[in-house]
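So the structure is just underneath, and the comments pick up after that.
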Protein chains: 2
Amino acid sequence: MLIELKPMQALTLWKEIAISEVRDDAHDLTMRQLAVLLTVYLEPPPHTIRGMAAKLGVTKPVITRALDTMGGYGLVDRHRDDKDKRNVLVKRTVKGALYVEKLGDLVIAKARGLPL
Amino acid sequence: MLIELKPMQALTLWKEIAISEVRDDAHDLTMRQLAVLLTVYLEPPPHTIRGMAAKLGVTKPVITRALDTMGGYGLVDRHRDDKDKRNVLVKRTVKGALYVEKLGDLVIAKARGLPL
DNA sequence: TTAGAATGGAACGGAGCCGAAATGATCGCG
DNA sequence: CGCGATCATTTCGGCTCCGTTCCATTCTAA
């Protein structure tokens, strides 16, 4: 659990992660794409385009395009809702789960290395 | 200090911050720009273009353009080094300091709100 | 003093994302 | 059944960022 995280530590953690993302990230995800990805993998389904657009405070095409890009990477999948065929449900993939898991490990590793 | 940060918590923290950035961020900074900004404000000077490019693992024009953009926002400043006039030193600004400080507060606030 | 190295920046074409508006498919109420 | 509402996607013009390459300035060492 997080206890007494100080401003300097918080910023250092954020900086280290940002640099790691810039240096190593193969997919070069946007902040918006990252927000979409983590929402899909951390919040309970179902995930619709409209719902995610509302949650992130962006327009629907932003979500559609983010899913296009990340779908191309194999990080997410989507198909029509059988109940209401207007809806599109975003699904998780094995590849995406591995990617998210690696991201979590990175945050933890960087958090451990923080100076006192 | 960070103690026993678990994978789920780490990812939730990162997700919350990403969403906040997407929703509220006035400047809409790229991950690279963010990495540059935090490097300038968290690591000891001097900061040269070449040095930061090496640190972030990107090309020089990336740093130059990031400084152009953020300089336009007033988040950073730069001028020639008097000792070696080939170098350009990146300087901090009051506006940039406030922005970074707010970012730190955001991380802390989100960290506090993490579920057990 | 001068040749070569180093530094930051500019120019270029290409690629991706943006918001707004239009499109196509589907639902549900009357 | 039909028509308006809802949902996701596509289209459009515009903007920003990308990497590569080239250039001007400045330093350094022979």
What is the distance, rounded to the nearest whole Å, between atom CG of B:Asp81 and atom P of D:dT25?
-> 18 Å
Return no unless some side-chain N or O of B:Thr59 is found under 4.0 Å from OP1 or OP2 of D:dG19.
-> yes
Atom CG of A:Leu67 and atom P of D:dA8: how far apart are they, to the nearest Å?
-> 10 Å
Check whether any side-chain N or O of B:Arg65 sits under 3.5 Å from a backbone N or O of B:Lys60 as a donor-acceptor pair, and report yes or no.
-> no
d(CE, A:Met52; P, D:dT9) in whole Å | 12 Å
Rounded to whole angstroms, how far apart are CG on A:Leu89 and P on D:dA8?
-> 9 Å
Does A:Val58 or B:Pro61 map to a spot on DNA chain C nearer the 5' end, using the closest nucleotide for each?
-> B:Pro61
Using a heavy-atom cut-off of under 4.0 Å over every strand shown, decide if A:Arg50 touches base, sugar-phosphate, or nothing.
-> sugar-phosphate
Expressed in angstrom and rounded to an integer, what is the separation of A:Met31 atom CE from D:dT16 atom P?
-> 18 Å
Out of A:Leu67, A:Thr69, A:Val36, which one pairs with A:Val76 under the side-chain contact (heavy atoms from CB on, under 4.5 Å) rule?
-> A:Leu67
Grab the CG-P distance between B:Asp68 and D:dT16 for me, whole Å please.
-> 12 Å
Separation of D:dC22 C1' from B:Lys60 NZ (nearest whole Å) | 11 Å
Between which nucleotides of DNA chain C, read 5' to 3', does contact with chain B run, using atoms under 4.0 Å from its heavy atoms?
-> C:dA6 to C:dA10
B:Arg32 vs D:dC18: side-chain N/O to OP1/OP2 distance below 4.0 Å = yes
With the side chain counted from C-beta on, respond yes when B:Arg112 and B:Ile108 share a heavy-atom pair under 4.5 Å apart, and no when they do not.
-> yes
d(CD, B:Gln33; P, D:dC18) in whole Å | 7 Å
Residue B:Arg65, side-chain atoms from C-beta onward, closest of D:dG19, D:dA5, D:dA8 | D:dG19
Under 4.5 Å between any side-chain heavy atoms of B:Arg92 and B:Asp77, yes or no?
-> no
B:Asp84 or B:Thr30: which one's nearest nucleotide on DNA chain D is closer to the 5' end?
-> B:Thr30
Sub-3.5 Å donor-acceptor pair from the side chain of B:Gln33 to the main-chain atoms of B:Thr30, do we have one?
-> yes
Under 4.0 angstrom, heavy atoms only, what part of the nucleic acid is B:Lys85 near: base, sugar-phosphate, or nothing?
-> sugar-phosphate
Contact check, side chains of A:His79 and A:Val88, non-hydrogen atoms, under 4.5 Å | no
Taking OP1 and OP2 of D:dA5, is either one under 4.0 Å from a side-chain nitrogen or oxygen of A:Arg86?
-> no
Roughly how far apart are B:Leu56 CG and B:Ile63 CD1, rounded to 0.5 Å?
-> 5.0 Å
